[in-house]
Undergrad: 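Structure below; questions to follow.
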Amino acid sequence: MTEDDVKQSVPTDVYLSFVSSLFDNRSTLFTGMVVHIVTFVAVYVQTGAPFYIFLACCFAFVFANRLYWFFEFDKLDKSKLSRGEIARWERRYVLGAASTAAILGIGSGYALLAFEDTFAELACIAVTMASMVSVVGRNYGSRLAVDLQTLACCVPMIIGSLLAQDAFKALLALMLIPFGLTTRAMANGVREFLYDNVIATREMAKIANRFDTALSNMTHGLLMLDPENRIEVINRKACDLLHLGERSRLQGCDLDVALRYGVRHTFVDGAMSNLLQKQLTQLIQGTTSRAVMHFSDDLVLEFSASKRDEGGVVLIFEDVTARVSADRKILHMARFDALTGLPQRGYFAELVRERLERKGDHGAAVGFMIVDVDDFKHVNDFKGHLNGDRLLVAIGTRLTGLADGLAVVGHLVGDQFVLFFPNADDRHDLELQMRSLHERAAGHYDVEGLRLPVAFSAGGAVLASDDPRLEEWPVKVDIALFESKSRAKGGFTLFVEEMDARYNEGQRLKADLRTAIADQAITVMYQPMYTPDGRDVKCCEALARWTHPEKGPIAPNVFIQVAEEMGLVAEITRQVLRTACVDCMTWPEAIAVSVNLSVHDLRGEGLVEVVQAILAETGLPTSRLHLEVTESSLIEELSAARAVLDQLRALGITISIDDFGTGFSSLSYLDTLPIDIVKIDRSFVRDIGDNTRRLKLLRGIVSLARGLDMKIVVEGVETAEQLALLTKYHCADLIQGYVYSMPIFSQAVPQRVRQAQKKIGKSKTDVA
């Protein structure tokens, strides 16, 4: 590798440092120059050779020139020097150094050649050898300077020794060769050693700087502790998080002292210092590997620790305040209802368990109560869901205020709230508290300018706190609430064991009904509808019947209500409709069949498609199918019912309104719905013989319906007197009731038709 290659391989800043080293130590340069001049003057005095005076003058000139360039080098802004400029300064130095060495070498070689004077030879050679030795210490930074100075010193001496034709001087000349090579090798070795160290130092500095940059920019705090718990390394993030100030002051500081410093500067409460230190000690000792420390409401740090091979520990920690806050919010959302802010079902159960475990008074009475807002659906339907939500918030606020110090309040779901009354001294007093709270909760609620009357159906249970079946309280209060709703709205019912038996019986009945529906064990009977004179049957109403395998016949109003609660009434409707259509196909063609639809059928989807499918399956003409809807179902689902009934009527199906006169707005929608037949409820017929006012009301309804081109069917006609009055005033197109027929099986319908037609034949015979 050439000199230029070597220079190019050296980084510029290192190259500059080597060249700068050449221009240092000027005092030794001055001392050497004085010694050189004095020596050559002394040789001149000893030998009388004016040549040495000339060489001394050359020394002075070279020294002055070198001194000038030294001062010029000092004036430079070395940070702006290019590599080429640095090389030029190196050459200026080498030229001066080589000139000095050449003068020394020439003086020594001339002494060996021209004189036999020991002093002259010794003085010149000693000064020259001393200069060569100093080359290693002064000029290691430039390989060229070392090489030229070595050659400039040795070559003249070798030439002088050889020309002197002295064997011993010739031997001396040969020995100068390894001496020069050794000097050169030593200088190169020093330079390479220093270069390697400079490069290593530079790399270490880079690594240290990168490490420091990485530590300073870490999102985590880092503490490196020695075995004595003293801080060896701490990054800027750690100082910021722990409020420890400048990290340069913390090197070698005990961690305990640093933490106490943080406490004094209001980093944490003083009382927390011991707890935090205990957690850190556990980490440092390896008892735990991770710990979450709550320094304040605004700062939560998570620490992890790892042991160092040489002893000590590395602590890494991060700010998890946002994560902990988010976890708290998620936990709060899971525990508390977002609308009312009250505990939800799961967390309410936890609170109950905690309160029961906290109390030591085992066997004392505890109370549970569920309150259900009556007719809350009407608030949502008529006042809007937003006002419904606001009402729930107001109810939760009132219940919380009334229960303050008495009970824990929770929100179950929808319009249901739950209360827990902790251990009480007296069971009777606890029951009175529950009833009183229920009464005071009811009343008017002001919601966004609206004054809404609110009543609650409630169910409660009073149990012993050590009752082994205490966890069954949700079932007991649900049963009590069901009893309240069954009796009358706005009441409070306390659970008794008899209710449990009735509830279990009801559950068994539900299970049996589900099985019966799945097995298609619901049967159908039919009640004919006669013309008022009893001479013709126009239609038969299909009536669902269920015979329990153990209990016998179950009243329709019982099992239909159970089916509605279970959401199975639509399946019963489908089964009855299919059976009725199949049976009707076995009757005379003039006879139609009427099937009842419930409010659940009108709410559900696909009713029209189901009816079409059954008609297509059985082959029954649409004109022979009548569908009855109750007045109450129309009131609940007026808009939905109108759309469905329009589609059914468009198919050619006759639509009847059943139980007319029992609703809240009987006459207001007759002209808005697709109704063909009005079936007047039995309550209008019951005492028309004695109650003339009711008879007038009945006649008025009939007149209104006929004015709208609707046919009239009167239900529940049981006596000849009722039939006579209805016939006298032309109040019915068809009569349905026990006066003509009880419900019968499908096979008996043709026989009843024939019996009615016989009356026509008999009448004709009597006339003849």
Side-chain angles (χ1 to χ4, degrees), residues 486-489 525-545 553-561 564 594-599 626-636 655-670 673 675-708 710-744 752 756:
S486 300
R487 295 173 183 175
K489 292 181 179 180
M525 298 188 74
Y526 301 92
Q527 189 168 31
M529 302 178 197
Y530 286 79
T531 56
D533 58 7
R535 295 180 178 182
D536 197 6
V537 177
K538 296 294 185 182
C539 185
C540 293
E541 181 180 359
L543 304 172
R545 295 292 185 264
I554 305 297
N557 62 323
V558 173
F559 77 82
I560 292 298
Q561 181 181 356
E564 289 179 344
S594 182
V595 179
N596 289 282
L597 299 178
S598 73
V599 64
H626 295 188
L627 293 176
E628 298 184 15
V629 292
T630 62
E631 189 176 12
S632 58
S633 67
L634 291 175
I635 293 172
E636 290 188 32
I655 305 299
S656 301
I657 180 170
D658 195 16
D659 299 334
F660 185 81
T662 60
F664 299 100
S665 54
S666 304
L667 306 179
S668 63
Y669 54 80
L670 286 179
L673 291 173
I675 298 172
D676 302 296
I677 298 174
V678 173
K679 298 185 73 174
I680 298 177
D681 187 69
R682 66 182 65 243
S683 61
F684 287 88
V685 182
R686 187 176 300 116
D687 55 353
I688 57 174
D690 301 324
N691 192 332
T692 57
R693 186 173 181 178
R694 186 171 293 275
L695 179 59
K696 290 179 181 179
L697 179 60
L698 174 61
R699 293 177 63 187
I701 294 173
V702 170
S703 176
L704 175 65
R706 283 184 172 152
L708 296 174
M710 298 178 184
K711 292 184 178 181
I712 307 298
V713 177
V714 179
E715 298 179 291
V717 182
E718 298 180 353
T719 66
E721 181 185 5
Q722 294 170 344
L723 179 61
L725 285 172
L726 293 173
T727 303
K728 177 181 177 181
Y729 293 105
H730 304 287
C731 291
D733 296 307
L734 293 174
I735 298 294
Q736 180 179 345
Y738 288 177
V739 68
Y740 280 130
S741 175
M742 297 178 65
I744 58 177
R752 291 300 177 95

Undergrad: I need the L543 CG to I744 CD1 distance, nearest 0.5 Å.
TA: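 Reported to 0.5 Å precision, the distance equals 10.5 Å.
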Undergrad: CG of L673 to CD1 of I655: how many Å apart, nearest 0.5 Å?
TA: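 Atom-to-atom, L673:CG and I655:CD1 are 10.5 Å apart.
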Undergrad: Work out which heavy atom in N557 is nearest to a heavy atom in Q561; give both atom names and the distance.
TA: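 Nearest heavy atoms, N557 then Q561: O-CB, 3.4 Å.
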Undergrad: Side chain to side chain contact (heavy atoms under 4.5 Å, CB included) between H626 and M529: does it pass, once the steps are laid out?
TA: CA-CA 12 Å; H626 295 188; M529 302 178 197; 5.8 Å; no
Undergrad: Could you walk me through whether I688 and L726 pass side chain to side chain contact (heavy atoms under 4.5 Å, CB included), step by step?
TA: CA-CA 9 Å; I688 57 174; L726 293 173; 4.3 Å; yes
Undergrad: Holding to side-chain hydrogen bond (donor to acceptor under 3.5 Å, both in side chains), I want the full list of residues that pass it with Y530, two or more places apart in sequence or in another chain.
TA: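 side-chain hydrogen bond (donor to acceptor under 3.5 Å, both in side chains) list for Y530, sorted by chain: empty.
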Undergrad: List, one per line, each side-chain donor-acceptor pair under 3.5 Å for residues 699-707, sequence neighbours excluded.
TA:
| unit_1 | atom_1 | unit_2 | atom_2 | d |
| --- | --- | --- | --- | --- |
| R706 | NH1 | H730 | O | 2.3 |
| R706 | NH2 | H730 | O | 3.3 |
| R706 | NH2 | D733 | OD1 | 3.2 |

Undergrad: Compare every heavy atom of A756 with every heavy atom of V537, then report the nearest pair and how far apart it is.
TA: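 Nearest heavy atoms, V537 then A756: CG2-CB, 4.5 Å.
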Undergrad: By side-chain hydrogen bond (donor to acceptor under 3.5 Å, both in side chains), which residues pair with S656, not counting sequence neighbours?
TA: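 If we apply the side-chain hydrogen bond (donor to acceptor under 3.5 Å, both in side chains) test to S656, skipping adjacent residues, there are no hits.
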Undergrad: Name all residues meeting the salt bridge (Lys or Arg N to Asp or Glu O under 4.0 Å) criterion together with K711; count only those two or more places apart in sequence or in a different chain, and write none if there are none.
TA: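 Expected list: none.
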Undergrad: What are the two closest heavy atoms between R545 and P743, and how far apart are they?
TA: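 Residues R545 and P743, closest heavy atoms: NH2-CG, 3.9 Å.
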Undergrad: Between P528 and C540, which heavy-atom pair has the shortest distance, and what is it?
TA: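 Answer, listing the atom of P528 first, then C540: CA-SG, 3.8 Å.
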Undergrad: Mind checking what makes side-chain hydrogen bond (donor to acceptor under 3.5 Å, both in side chains) contact with Q527, not counting sequence neighbours?
TA: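 Q527 satisfies side-chain hydrogen bond (donor to acceptor under 3.5 Å, both in side chains) with Q736 only.
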Undergrad: If I take atom CG from residue L695 and atom NZ from residue K728, how far apart are they, to the nearest 0.5 angstrom?
TA: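 Here the rounded value is 9.0 Å.
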Undergrad: Side-chain contact test, heavy atoms from C-beta onward, threshold under 4.5 Å: evaluate it for I675 versus L708 and give yes or no.
TA: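 They are not in contact (no side-chain heavy atoms under 4.5 Å apart), so the answer is no.
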Undergrad: Nearest 0.5 angstrom please: Y526 OH to S594 OG, how far?
TA: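 Answer for the OH-OG pair, Y526 versus S594, is 11.5 Å.
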Undergrad: What pairs with K696 under salt bridge (Lys or Arg N to Asp or Glu O under 4.0 Å), at least two apart in sequence or on another chain?
TA: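 Listed in chain order: nothing, the list is empty.
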Undergrad: Not counting sequence neighbours, which residues clear side-chain hydrogen bond (donor to acceptor under 3.5 Å, both in side chains) with R752? List them please.
TA: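 Applying side-chain hydrogen bond (donor to acceptor under 3.5 Å, both in side chains) to R752 gives S741.
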Undergrad: Would you compute the distance between atom CG of L698 and atom OH of Y729 and round it to the nearest 0.5 angstrom?
TA: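 If we round to the nearest 0.5 Å, L698:CG and Y729:OH are 11.0 Å apart.
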Undergrad: Restricting to non-hydrogen atoms, name the atom on A542 and the atom on V595 that form the minimum distance, rounded to 0.1 Å.
TA: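 Where A542 meets V595 most closely, the heavy atoms are CB-CG2, 4.3 Å.
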Undergrad: If you look only at distance, which donor and acceptor atoms sit under 3.5 Å apart when one is on a side chain in residues 713-723 and the other is two or more places apart or in another chain?
TA:
| unit_1 | atom_1 | unit_2 | atom_2 | d |
| --- | --- | --- | --- | --- |
| T719 | OG1 | Q722 | N | 3.1 |
| Q722 | OE1 | E718 | N | 2.9 |
| Q722 | OE1 | T719 | N | 3.3 |
| Q722 | NE2 | V685 | O | 3.3 |
| Q722 | NE2 | R686 | O | 3.2 |

Undergrad: Using modelled atom types only, decide if a donor and an acceptor are shared between the side chain of D659 and the backbone of D681 within a distance under 3.5 Å.
TA: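 Checking the backbone N and O of D681 against the side chain of D659, no donor-acceptor pair under 3.5 Å is found.
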Undergrad: Find the distance between CG (L627) and CG (D658) and round it off to the nearest 0.5 Å.
TA: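 If I round to the nearest 0.5 Å, the distance is 12.0 Å.
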Undergrad: Can a donor-acceptor pair be found, under 3.5 Å and without considering hydrogens, that links the side chain of Y740 to the backbone of P532?
TA: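 Between the backbone of P532 and the side chain of Y740 there is a qualifying donor-acceptor contact (under 3.5 Å).
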Undergrad: Working note: L734 + T531, criterion side chain to side chain contact (heavy atoms under 4.5 Å, CB included); need CA distance, chi angles, decisive distance, verdict.
TA: CA-CA 5 Å; L734 293 174; T531 56; 4.2 Å; yes
